[in-house]
Amino acid sequence: MATWNIDPTHSEIQFKVKHLVISTVTGYFRSFNGSVETEGDSFEGAKVTFEADIDSIDTNQKDRDTHLKSDDFFNAEKFPKMKFESTSFKNTGGDEYELTGNLTIRDVTKEITLDVTHGGTVGDPYGQTKAGFEINGTINRKEFNLKWNAVTEAGNVVVGDNVKLHMNVQVVEQVPAEA
């Protein structure tokens with residue numbers, strides 16, 4: 001069995017949500033970790049775990065970040081982590097995979113499916129083996145109790161329900177310590 005850990009220096013966790021139906025707000029989780037456990041040289045059937053610190057949310061606007069951390073949305077004080085644990089990782093052809101697992105936000109756990117593209121696996125100049133993945137999907141925020149909303153005088157919704165997830169992740173194979 002091989003274990004691969006996320007390299008946070010070469011990874012990013014991003015989300016996008018509509019604002020006033022006319023524009024998109026992009027945010028990031030700046031603090032996160034995760035691992036991939038594989039059998040042999042293939043990522044087929046890998047076990048993937050991931051967690052992000054809610055307090056690290058960054059939309060490039062401090063007041064909005066504070067609101068997102070409040071009980072109106074994530075409630076970072078009571079639920080400090082967003083977590084994912086895979087139930088399957090299937091190759092759908094070539095470098096394409098389907099990642100299914102349980103996502104926990106706040107006190108709600110729901111099964112989601114994400115599209116994954118394996119960008120490749122290479123050795124770096126320092127003797128480490130690294131693999132890159134691009135992961136995409138969409139969730140409905142209200143299904144995870146992120147229900148705050150407002151309506152403008154013209155009847156427009158302030159925050160869209162669907163949240164696009166986009167992750168560029170590089171993982172590093174962990175070499176067992178010699179005995």
*Among D58, D55, D53, whose salt bridge (charged side-chain N to carboxylate O under 4.0 Å, His left out) with R30 holds?*
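Of the listed residues D58, D55, D53, the salt bridge (charged side-chain N to carboxylate O under 4.0 Å, His left out) partner of R30 is D58.
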Search all heavy atoms of [X] against all heavy atoms of [Y] and return the closest pair with its distance.
X: T59; Y: G27; result: CG2-CA, 3.9 Å
X: S31; Y: S56; result: N-OG, 3.0 Å
X: V169; Y: V171; result: CG1-CG1, 3.9 Å
X: S11; Y: Q170; result: OG-N, 2.9 Å
X: L99; Y: V116; result: CB-CG2, 3.7 Å

Measure the [atom1]-[atom2] distance between [X] and [Y] for me, rounded to the nearest 0.5 Å.
X: H10; Y: D124; atom1: NE2; atom2: CG; answer: 9.0 Å
X: T3; Y: Q174; atom1: OG1; atom2: CD; answer: 7.5 Å
X: N136; Y: H166; atom1: CG; atom2: NE2; answer: 5.5 Å
X: L68; Y: D63; atom1: CG; atom2: CG; answer: 11.0 Å
X: F15; Y: R141; atom1: CZ; atom2: CZ; answer: 11.5 Å
X: K16; Y: K164; atom1: NZ; atom2: NZ; answer: 8.5 Å

With the 4.5 Å side-chain cut-off for hydrophobic clustering, are [X] and [Y] part of the same group?
X: V172; Y: F89; value: no
X: I112; Y: V36; value: yes
X: I135; Y: L103; value: yes
X: I57; Y: F79; value: no
X: I54; Y: L165; value: yes

*Verify salt bridge (Lys or Arg N to Asp or Glu O under 4.0 Å) between R106 and D71, making sure each step is shown before the conclusion.*
CA-CA 10 Å; R106 294 181 61 108; D71 192 38; 2.9 Å; yes
Could you tell me if [Y] and [X] have a donor-acceptor pair between their side chains, going purely by distance under 3.5 Å?
X: T109; Y: T104; result: yes
X: T100; Y: T87; result: no
X: T49; Y: E85; result: no

*asked:* Could you walk me through whether M82 and F29 satisfy the side chain to side chain contact (heavy atoms under 4.5 Å, CB included) test, starting with their C-alpha distance in whole Å, then the side-chain angles of each, then the deciding distance to 0.1 Å, before giving a yes or no?
replied: CA-CA 10 Å; M82 173 176 67; F29 290 97; 3.7 Å; yes
*asked:* Has E44 got a side-chain atom pairing as donor or acceptor with N91's backbone, closer than 3.5 angstrom?
replied: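 Yes, the answer is positive, given that a donor and an acceptor are paired below the 3.5 Å cut-off.
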*Between the main-chain N or O of S88 and the side-chain N or O of S86, is there a donor-acceptor pair closer than 3.5 Å?*
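Flag not set: sc S86 to bb S88 has no pair under 3.5 Å.
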*Which of parallel (below 30°), tilted (30 to 60°) and perpendicular (above 60°) describes F32 and F50?*
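Judged by the thresholds at 30° and 60°, the geometry between F32 and F50 is tilted.
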*asked:* Over 60° means perpendicular and under 30° means parallel, so tell me whether F43 and W4 are parallel, tilted or perpendicular.
replied: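 Rings of F43 and W4: tilted, 30 to 60°.
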*Apply salt bridge (Lys or Arg N to Asp or Glu O under 4.0 Å) to the pair E143 and K110, showing each step before the final yes or no.*
CA-CA 8 Å; E143 292 179 356; K110 289 205 165 284; 5.1 Å; no
*asked:* Taking side chain to side chain donor-acceptor pair (under 3.5 Å) as the definition, give me every residue that meets it alongside N102, ordered by chain and number, with sequence neighbours left out.
replied: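 Residues passing side chain to side chain donor-acceptor pair (under 3.5 Å) with N102: none at all.
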*Are any of the side-chain heavy atoms of N140 and V163 separated by less than 4.5 Å?*
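SC-SC contact between N140 and V163 ruled out.
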*Quick one: are E173 and V175 in side-chain contact, heavy atoms under 4.5 Å?*
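A side-chain contact under 4.5 Å is absent here.
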*Please say whether more than 12 non-hydrogen atoms of neighbouring residues, nucleotides or ligands are located less than 6.0 Å from CD in E12.*
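Atom CD in E12 is crowded, with more than 12 foreign heavy atoms closer than 6.0 Å.
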*Would you find more than 12 non-hydrogen atoms of other residues, nucleotides or ligands less than 6.0 Å from K83 atom NZ?*
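Atom NZ in K83 is not packed in, count stays at 12 or less.
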*Given side-chain hydrogen bond (donor to acceptor under 3.5 Å, both in side chains), test E96 with T117 step by step and report yes or no.*
CA-CA 5 Å; E96 302 299 317; T117 301; 2.9 Å; yes
_Which residues share a side-chain contact (heavy atoms from CB on, under 4.5 Å) with D95, sequence neighbours left out_ =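 Result, side-chain contact (heavy atoms from CB on, under 4.5 Å) vs D95: H118.
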